[in-house]
Amino acid sequence: MAANQVNRCVVLNKPLDIVFENRPVPEIGHGDVLVNIKATGICGSDVHYWLSGGVGTFIVKKPMVLGHESAGVIAAVGPGVTHLKVGDRVALEPGIACRMCEQCKQGRYNLCPEMEFAATPPFDGTLCNYYRHAADFCYKLPDHVSLEEGALIEPLSVGIHACRRANVRSGHRVFIFGAGPVGLLCAAAAKAAGAAHITIADITASRLDFAKTYCTDSQVLLERPQQGEPNIEYSRRTAAKILETEELSDVVIDCSGAETCVQTSILLTKNGGSVVLVGMGAQVQSIPISEISSREVDIKGIFRYCNTYPMAVKMLASGAIDVKPLITHSYPLEDAVKAFEHARDGRDNAIKIQILG
Ligand SMILES: [Zn+2]
Ligand SMILES: [Zn+2]
């Protein structure tokens with residue numbers, strides 16, 4: 001099975017050093033499938049690993065294949081796999097949980113301590129021709145959903161999970177900080193969940209121009225803090241200015257990780273509303289605790305997602321969510337370095353850059 005095939009892999013050798021390696025086509029065992037990867041989106045975390053060799057507490061200590069937002073075609077199925085066959089087009093959920101621990105049994109398998117997640121050290125990612133994956137973490141795509149759309153289910157899952165954690169419901173007002181791919185996909189998920197009004201804020205005007213065309217009702221251009229201005233003063237000033245034209249929101253989703261945005265998120269939330277922290281910024285931040293206590297604002301962390309893929313596949317299939325407009329650029333596998341440089345620079349209004357192989 002595919003033994004004579006080439007398996008080109010995009011390997012992060014060390015920071016700022018991406019190389020191509022021909023690795024053996026992986027062997028598959030019971031419950032596995034071999035996937036011929038066709039589309040992979042570049043994520044902010046991939047760019048971080050490339051530039052600095054680490055994301056938060058995850059540090060690349062040995063060469064690692066990059067990429068985790070992928071879709072492809074089944075090239076082989078291992079013993080015990082009954083729901084997939086050779087030729088099926090699938091989206092890959094890139095984290096394999098143990099399926100045995102307390103978190104897994106409660107259905108919150110994203111919190112599994114044994115999680116093996118693609119392109120999170122020490123585990124290799126999906127930017128290769130052939131990837132071995134557990135069949136139960138591969139989701140068949142309907143004929144009219146493209147592999148490029150399938151590769152966007154991973155970041156879309158973050159948006160769906162954020163909206164679920166915040167209980168976004170029909171009629172809600174939702175405010176989102178950060179108009180990059182994840183912020184936009186949070187908007188798409190909130191809209192699909194019935195949000196009546198979605199506002200998005202960013203410091204980059206061109207991102208808001210795009211957001212105007214995608215799932216949001218109003219857009220706020222944020223100013224940068226003034227020189228020497230304490231964060232909380234900036235945040236209070238910014239919240240007051242936003243509230244001249246906006247109402248308080250049922251749910252605020254911060255996709256920036258910036259302390260000022262986290263503070264402003266709390267100030268923009270209705271009494272009894274929720275703030276979801278999606279962005280990852282400074283590990284320790286100062287937040288207005290009195291607002292949280294006296295107004296019962298719920299602050300919720302999220303770690304990736306769980307149980308989102310089946311729903312996401314259905315939403316793409318029905319048209320409830322359209323991710324196609326986010327795919328602004330694509331590169332062949334051999335031009336992976338160019339694709340990473342493009343993602344780093346963000347030029348030409350890039351939203352999601354994909355590598356097609
Ligand atoms: Zn990602
Ligand atoms: Zn587990």
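Just so you know, ligand 1 is whichever comes first in the structure, and atom 1 is the first atom listed for that ligand.
- With the Zn ion (ligand 1) as the vertex, SG (Cys43) and OE2 (Glu69) define an angle of 90°, rounded to 10°.
- In this structure, SG of Cys98 and SG of Cys112 enclose an angle of 100° at the Zn ion (ligand 2), rounded to 10°.
- When distances from the Zn ion (ligand 1) to the N, O or S atoms of Glu154 are compared, OE1 comes out shortest.
- Inspection of the Thr264 and Thr238 side chains reveals no N or O donor paired with an N or O acceptor under 3.5 Å.
- Using modelled atom types and a 3.5 Å distance limit, the side chains of Thr216 and Gln219 yield a donor-acceptor pair.
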task: Go through Arg173 and Asp250 one step at a time and tell me if the salt bridge (charged side-chain N to carboxylate O under 4.0 Å, His left out) criterion holds.
output: CA-CA 5 Å; Arg173 281 188 84 95; Asp250 300 277; over 6 Å; no

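- Tyr234 and Gln226 form no side-chain donor-acceptor contact under 3.5 Å, judged by distance and modelled atom types alone.
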